[in-house]
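Reading through the structure tokens given below for one structure.
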Amino acid sequence: MTEETQSRQPVRVFLVDDHSMFRAGVRAELDTITDDIEVIGEAGTVGEAVAGISHLKPDVVLLDVHMPDGGGAEVLRQSRKATPDVVFLALSVSDAAEDVIAVIRAGARGYVTKTISSQELAKAVVRVADGDAVFSPRLAGFVLDAFADRPGAAPISDPELDLLTPRERDVLRLLARGYAYKEIAAELFISVKTVETHVSSVLRKTQLSNRYELSRWASDRRLV
């Protein structure tokens with residue numbers, strides 16, 4: 001161990017994920033494999049996350065992208081003004097381009113998927129704390145496309161699409177692929193009632209009338 005490593009304070013990390021068992025697993029893994037990281041708190045909802053981040057002011061927030069009450073982008077929107085020095089690293093099962101782009105637009109410093117090893121996750125946390133941007137290999141291209149000014153690049157902004165939460169986009173994508181409400185519920189591990197609520201919200205935000213119009217709308221934006 002170098003003198004620099006010995007003198008460095010651990011990176012203070014706050015975990016945000018709606019699955020308590022996953023949070024416990026990440027905490028245990030990080031506590032076991034490195035002394036460079038200290039998990040100081042955790043939350044399972046957007047409200048708990050915003051309050052915890054504001055109170056504890058961690059160095060890095062490990063942030064789930066999809067949660068029932070708004071997701072990682074909403075945590076970022078509510079937290080960044082009050083805690084501008086906190087760094088956010090998205091940690092998600094999703095590798096969809098729109099999820100990556102949405103959370104980076106909202107202010108995350110990096111995005112890695114939950115297939116990452118514990119050792120690589122620890123390295124990613126330390127790197128973003130040091131000012132680097134970190135992405136799982138195949139996700140970096142999405143970000144380059146989204147913010148590059150060249151033919152074929154993903155649009156930097158779509159005001160209508162930006163109105164939708166990541167979970168609403170998940171529901172819309174499956175709806176546009178022809179899934180029934182029960183199938184969407186099973187795929188996303190949510191109730192049929194929650195699916196109906198998301199669809200109603202998407203219809204209201206897009207000012208469309210039915211699922212067929214939604215399917216065309218989603219196809220036009222390459223969500224399908």
Side-chain angles (χ1 to χ4, degrees), residues 1-95 99-136 139-140 142-143 165-167:
M1 185 179 292
T2 66
E3 183 177 344
E4 180 182 356
T5 303
Q6 287 177 324
S7 61
R8 174 175 181 156
Q9 293 296 314
V11 177
R12 300 166 67 251
V13 172
F14 191 91
L15 302 176
V16 180
D17 194 287
D18 61 329
H19 293 95
S20 59
M21 289 184 64
F22 179 78
R23 297 197 308 270
V26 172
R27 180 189 283 265
E29 289 288 326
L30 293 178
D31 285 345
T32 299
I33 66 173
T34 181
D35 294 327
D36 295 332
I37 294 171
E38 178 188 3
V39 179
I40 61 169
E42 60 183 69
T45 69
V46 170
E48 290 174 356
V50 172
I53 293 165
S54 176
H55 176 65
L56 295 172
K57 294 181 174 56
D59 300 312
V60 174
V61 175
L62 271 179
L63 185 64
D64 191 15
V65 172
H66 291 161
M67 292 187 292
D69 55 346
E74 185 61 27
V75 174
L76 277 156
R77 278 191 286 269
Q78 294 188 35
S79 297
R80 284 191 43 87
K81 287 184 180 179
T83 54
D85 295 331
V86 175
V87 178
F88 292 81
L89 174 62
L91 176 62
S92 176
V93 295
S94 172
D95 61 359
D99 288 338
V100 179
I101 293 166
V103 79
I104 297 304
R105 282 183 189 150
R109 188 65 182 168
Y111 193 119
V112 295
T113 62
K114 289 181 178 179
T115 57
I116 194 171
S117 70
S118 301
Q119 290 80 6
E120 289 301 317
L121 178 59
K123 290 178 184 177
V125 168
V126 173
R127 284 181 59 193
V128 294
D130 287 341
D132 291 342
V134 179
F135 299 91
S136 292
L139 306 185
F142 297 154
V143 179
T165 67
R167 180 58 87 192

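Heavy atoms only: backbone and side chains are in, while hydrogens, waters and symmetry mates are out.
Shortest non-hydrogen contact noted between Ser118 and Leu30 is O-CD2, 4.5 Å. Across all non-hydrogen atoms, the minimal contact from Arg12 to Ile40 is NH2-CD1, 3.3 Å. Closest heavy-atom contact between Val46 and Met67: CG2-CE, 4.0 Å. Across Ser79 and Ile53, no two heavy atoms sit closer than the pair OG-CD1, 4.0 Å. In plain terms, the two heavy atoms of His66 and Ser94 that are nearest each other are CE1-CB, 4.1 Å. Here the closest non-hydrogen pair linking Leu63 and Gly72 is CD2-O, 3.4 Å.
No donor-acceptor distance shorter than 3.5 angstrom exists from the side chain of Arg77 to the backbone of Ala106, with no hydrogens or angles considered. No donor-acceptor pair under 3.5 Å is formed between the side chain of Lys81 and the backbone N or O of Gln78. The backbone N or O of Asp132 sits less than 3.5 Å from a side-chain atom of Arg109, completing a donor-acceptor pair.
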Original post:
After noting the C-alpha distance and the side-chain angles of Asp64 and Phe22, does the key distance pass the side chain to side chain contact (heavy atoms under 4.5 Å, CB included) rule?
Top reply: CA-CA 11 Å; Asp64 191 15; Phe22 179 78; over 6 Å; no
**OP:** Give the C-alpha distance, both sets of side-chain angles, the deciding distance and a yes or no for side chain to side chain contact (heavy atoms under 4.5 Å, CB included) between Tyr111 and Val65.
**Re:** CA-CA 9 Å; Tyr111 193 119; Val65 172; 3.6 Å; yes
Subject >> CA sep, side-chain torsions, deciding dist, call: Leu15, Leu91, side chain to side chain contact (heavy atoms under 4.5 Å, CB included) >> reply: CA-CA 10 Å; Leu15 302 176; Leu91 176 62; over 6 Å; no
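Between the CZ atom in Arg80 and the CG atom in Asp85 there is a gap of 10.0 Å [rounded to 0.5 Å]. The NZ atom of Lys114 sits 11.0 Å away from the CG atom of Leu121 when rounded to the nearest 0.5 Å. One distance of note links CG of Asp18 with CD of Glu48; it measures 10.5 Å at 0.5 Å rounding.
The side-chain heavy atoms of Phe14 and Val86, taken from C-beta on, include no pair separated by under 4.5 Å. Side-chain atoms of Val61 and Thr83, non-hydrogen and from C-beta on, never get closer than 4.5 Å to each other.
Screening Thr113, Val112, Val100 for a side chain to side chain contact (heavy atoms under 4.5 Å, CB included) involving Asp95 leaves a single residue, Thr113. Paired with Leu62 under the rule side chain to side chain contact (heavy atoms under 4.5 Å, CB included), one option of Val16, Asp17, Val125, Ile37 passes, and it is Val125.
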